[in-house]
Amino acid sequence: MMDEISSTPALSTQAAGVFGTLQLHYQALLDKSTPHTGTRWGVTGGLLFVFMLRIVFAQGWFIICYALGIYLLNLFLAFLTPKIDPEMAEEIDEAEAASESGPGLLPVKNDDEFRPFIRRLPEFKFWLSATKGLIVALVCSFFPFLDIPVYWPILLFYWIFLFIITMRRQIEHMIKYRYVPLGNFGKQRYNRS
């Protein structure tokens with residue numbers, strides 16, 4: 001009886017050690033992959049292709065595919081959105097102007113200082129969340145009880161409708177507050193001399 005009680009903490013300590021080692025290896029792998037943006041997204045694209053092939057050839061799991069599409073759309077919108085929403089920044093600017101405590105968050109005039117675009121969801125976290133979501137969706141597509149029968153063209157049409165509506169709203173927001181979160185479009189370039 002006494003041996004059983006004393007061995008239980010040793011097993012939990014050993015399991016915690018193994019879990020800690022695995023977590024360190026996982027974090028080291030993530031740290032090594034950080035500078036390789038193209039490779040990371042290529043692997044995620046390949047994973048998405050494998051998932052889509054699975055869905056097409058199995059002719060099932062359309063609900064999981066739809067849920068993954070909504071999740072990826074949500075991640076993409078967070079990636080395109082600034083960390084501090086300009087609509088909220090206007091209210092903060094008005095409060096700061098009333099208290100004379102300091103400058104606002106985004107430049108409004110040409111003489112305002114430069115403030116970089118900071119995303120609500122950084123690229124690495126976007127990639128990591130998208131990859132984890134794809135892996136979960138791929139694993140879920142192997143369980144028959146998750147294959148809920150549904151008429152897939154309705155889900156596809158509804159997802160396309162949601163995509164158009166949300167992207168239209170996001171583009172209007174980008175135009176209204178004059179920010180371009182993708183690449184170097186619209187930024188002034190200088191010649192190398």
Side-chain angles (χ1 to χ4, degrees), residues 30-31 33-49 51-52 55 62-138 152-192:
L30 287 180
D31 291 343
S33 72
T34 301
H36 307 291
T37 308
T39 305
R40 285 188 285 118
W41 282 104
V43 168
T44 301
L47 193 60
L48 180 63
F49 182 72
F51 175 72
M52 290 307 212
I55 297 301
F62 299 116
I63 291 288
I64 291 179
C65 188
Y66 175 73
L68 176 66
I70 294 295
Y71 179 67
L72 293 177
L73 178 62
N74 187 23
L75 288 176
F76 185 61
L77 287 175
F79 176 71
L80 291 178
T81 307
K83 186 172 187 176
I84 300 170
D85 192 11
E87 290 176 352
M88 299 294 280
E90 286 178 356
E91 294 173 10
I92 293 171
D93 285 344
E94 290 172 5
E96 286 178 350
S99 66
E100 298 292 326
S101 63
L105 299 172
L106 290 174
V108 181
K109 302 177 185 111
N110 286 337
D111 60 343
D112 284 350
E113 79 177 66
F114 170 73
R115 290 179 189 88
F117 181 80
I118 301 171
R119 300 178 189 283
R120 187 183 328 159
L121 181 66
E123 181 271 332
F124 185 78
K125 288 184 180 181
F126 176 34
W127 167 78
L128 186 60
S129 298
T131 305
K132 285 179 182 179
L134 275 164
I135 291 170
V136 167
L138 190 59
W152 68 266
I154 291 175
L155 288 179
L156 180 63
F157 173 75
Y158 188 61
W159 186 86
I160 291 171
F161 177 73
L162 280 175
F163 179 80
I164 290 170
I165 295 298
T166 54
M167 290 310 294
R168 179 176 163 224
R169 208 175 77 218
Q170 185 66 33
I171 290 170
E172 287 173 354
H173 191 268
M174 291 163 56
I175 291 170
K176 181 178 179 183
Y177 293 103
R178 298 185 313 256
Y179 66 91
V180 181
L182 297 175
N184 293 326
F185 304 112
K187 292 183 180 177
Q188 186 175 3
R189 296 204 182 252
Y190 299 99
N191 293 331
R192 293 183 187 198

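Keep in mind that this is a model prediction, so the values were computed, not measured.
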Under 3.5 Å donor-acceptor, R40 side chain and T34 backbone: yes
Spatial distance of atom CE (M52) from atom CG (L138) [nearest 0.5 Å]: 11.5 Å
4.5 Å side-chain heavy-atom contact, I154 and F62: no
Non-hydrogen atoms of L80 and Q170 that approach each other most closely: O-NE2, 3.7 Å
side-chain contact (heavy atoms from CB on, under 4.5 Å) partners for K125, two or more places apart: L121, P122
Exercise: identify the closest heavy-atom pair between F124 and S33: CE1-OG, 4.1 Å
Atom of A130, atom of L72 and distance for their closest heavy-atom approach: CB-CD2, 3.7 Å
Distance (rounded to the nearest 0.5 Å) between L68 CG and W159 CH2: 9.5 Å
Distance, nearest 0.5 Å, that separates SG of C65 from CD1 of I63: 10.0 Å
K176 and E172: CA distance, side-chain angles, deciding distance, salt bridge (Lys or Arg N to Asp or Glu O under 4.0 Å) verdict: CA-CA 6 Å; K176 181 178 179 183; E172 287 173 354; over 6 Å; no
Pairs satisfying salt bridge (Lys or Arg N to Asp or Glu O under 4.0 Å), at least one member in residues 65-78, at least two apart: none
From L73 atom CG to T166 atom OG1, the distance as rounded to the nearest 0.5 Å: 4.5 Å
Approximate separation, where rounding is to 0.5 Å, of T81 OG1 and M174 CE: 9.0 Å
Any L75 side-chain heavy atom under 4.5 Å of F79 side chain: no
Greater than 12 external heavy atoms within 6.0 Å of Y158's OH: no
Partners meeting side-chain contact (heavy atoms from CB on, under 4.5 Å) with T44 (sequence neighbours left out): W41, W127, T131, L134
Side-chain touch M167/L77, heavy atoms, less than 4.5 angstrom: yes
Donor-acceptor under 3.5 Å (S129 side chain, F126 main chain): no
